[in-house]
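Down below is the structure, laid out as structure tokens.
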Amino acid sequence: MLKQICDVLTALRQYLHQAHLCAQDKGYAAHLLLNNIYERVSEDIDRLKELYIGSTGDTSIANAEGSLLGALKYVRALEDAPDFNSMLKNCLVLEKTADELIRQGVAFCTENPGPFSQGILNALGDVDERRLKEFYLLKTEVER
């Protein structure tokens, strides 16, 4: 479950980076907002991957090719994003997908407690709260 969450967050990070680069004509505030969200998504991915490795001992989640291939399946499911607003709309779709996966991860850890469950639950709760806030920031930007 953590791998899927990291895959969708990696896809989101790519779209945020793309939108961040294209936000120059939207003003500095939009550029800065996307840069900040991009950085926080990167931190979330890092935290979740470290927890996964720490709880399972499996370092395969750190494999760059595997991470990119996992993200690619989410990117391929989206419509082409030729302009800034399309990029943001794809970010919103990925945010919703991440939210669904995080909720599934919380339910799984709650139903199947293990030695690392509380740490993973805490991390997923933090990531979910941040993703929800950032979803609304992105949604506001799309509606401008």
Side-chain angles (χ1 to χ4, degrees), residues 1-56 58-112 116-144:
M1 185 62 58
L2 287 179
K3 181 178 179 343
Q4 288 176 301
I5 294 168
C6 289
D7 288 347
V8 74
L9 289 177
T10 300
L12 173 61
R13 180 177 60 189
Q14 288 306 116
Y15 265 100
L16 285 166
H17 189 250
Q18 182 182 5
H20 156 259
L21 294 173
C22 295
Q24 300 299 337
D25 63 337
K26 301 295 180 187
Y28 185 69
H31 175 79
L32 187 60
L33 170 70
L34 293 168
N35 186 62
N36 288 340
I37 296 173
Y38 168 82
E39 289 176 356
R40 286 190 295 266
V41 168
S42 295
E43 291 169 7
D44 290 342
I45 293 166
D46 187 59
R47 181 177 182 192
L48 293 174
K49 285 185 176 186
E50 287 172 352
L51 276 169
Y52 179 85
I53 292 168
S55 65
T56 66
D58 178 6
T59 60
S60 66
I61 198 168
N63 177 280
E65 184 178 356
S67 293
L68 293 174
L69 289 173
L72 188 57
K73 69 181 174 187
Y74 289 101
V75 170
R76 286 182 174 154
L78 300 170
E79 293 184 26
D80 189 30
D83 59 47
F84 181 73
N85 277 347
S86 297
M87 290 175 208
L88 291 182
K89 287 177 183 174
N90 282 345
C91 288
L92 291 174
V93 169
L94 291 167
E95 286 280 19
K96 287 181 182 179
T97 303
D99 183 58
E100 291 170 16
L101 288 171
I102 290 168
R103 290 178 194 275
Q104 290 173 17
V106 167
F108 178 82
C109 287
T110 302
E111 294 168 7
N112 303 287
F116 299 97
S117 295
Q118 194 57 53
I120 292 170
L121 279 170
N122 292 343
L124 289 175
D126 291 347
V127 171
D128 190 42
E129 184 177 322
R130 189 169 25 261
R131 301 276 36 89
L132 183 62
K133 289 176 187 175
E134 292 173 354
F135 172 83
Y136 286 108
L137 291 171
L138 287 170
K139 188 175 178 189
T140 301
E141 191 63 35
V142 168
E143 293 170 351
R144 284 186 184 190

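The first residue in the sequence is number 1, and the count goes up from there.
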| field | Given Asp126, Ile102, Ile5, Asp99, the one that forms side chain to side chain contact (heavy atoms under 4.5 Å, CB included) with Arg131 | value | Ile102
| Positive for side chain to side chain contact (heavy atoms under 4.5 Å, CB included) with Leu94, one of Leu9, Val75, Val41, Val8 | Val8
Over all atoms of both residues, closest heavy-atom pair of [X] and [Y]:
X	Y	result
Glu141	Ala30	OE2-CB, 3.4 Å
Ile53	Ala62	CD1-CB, 4.2 Å
Ala19	Phe84	O-CE1, 3.4 Å
Cys109	Ile120	SG-CG2, 3.7 Å

Would you indicate whether [X], at its atom [atom1], is surrounded by more than 12 heavy atoms from other residues, nucleotides or ligands within a distance under 6.0 Å?
X	atom1	result
Glu129	CD	no
Lys49	NZ	yes
Phe135	CZ	yes

Quick one: [atom1] on [X] to [atom2] on [Y], what's the gap to the nearest 0.5 Å?
X	Y	atom1	atom2	answer
Thr97	Asn90	OG1	CG	10.0 Å
Gln104	Leu124	CD	CG	11.5 Å
Gln4	Glu100	CD	CD	11.5 Å
Glu95	Leu12	CD	CG	4.5 Å
Ser55	Leu2	OG	CG	6.5 Å
Tyr15	Thr10	OH	OG1	14.0 Å

| task | Begin from the C-alpha positions of Asp83 and Ser86 and carry the test side chain to side chain donor-acceptor pair (under 3.5 Å) through to its verdict. | result | CA-CA 5 Å; Asp83 59 47; Ser86 297; 2.9 Å; yes
| message | What I want to find out is whether Asp7 reaches Lys3 closely enough, with some N-O distance under 4.0 Å, to be called a salt bridge. | response | yes
| request: Run the salt-bridge test on Arg47 and Glu43 with the 4.0 Å N-O cut-off and return the result as yes or no. | output: no
| request: Give the intermediate values and the outcome of side chain to side chain contact (heavy atoms under 4.5 Å, CB included) for residues Asp128 and Val106. | output: CA-CA 10 Å; Asp128 190 42; Val106 167; over 6 Å; no
| request: Could you tell me whether the side chain of Leu16 reaches within less than 4.5 Å of the side chain of Leu138, counting heavy atoms only? | output: yes
| task | Answer whether the closest heavy-atom distance between the side chains of Glu50 and Asp46 falls below 4.5 Å. | result | yes
| task | Begin with the C-alpha distance, continue with both residues' side-chain angles, and end with the deciding distance and a verdict on side chain to side chain contact (heavy atoms under 4.5 Å, CB included) for Arg40 and Asn36. | result | CA-CA 6 Å; Arg40 286 190 295 266; Asn36 288 340; 3.7 Å; yes
| field | Whether His17 and Tyr38 hold their rings parallel, tilted or perpendicular, with breakpoints at 30° and 60° | value | tilted
| query | When you measure from the side chain of Thr56 to the backbone N and O of Tyr52, does any donor-acceptor pair fall under 3.5 Å? | reply | yes
| request: Given side chain to side chain contact (heavy atoms under 4.5 Å, CB included), test Leu21 with Leu34 step by step and report yes or no. | output: CA-CA 9 Å; Leu21 294 173; Leu34 293 168; over 6 Å; no
| query | Going through the distances and angles, do Ser67 and Ile61 end up as a side chain to side chain contact (heavy atoms under 4.5 Å, CB included)? | reply | CA-CA 7 Å; Ser67 293; Ile61 198 168; 5.6 Å; no
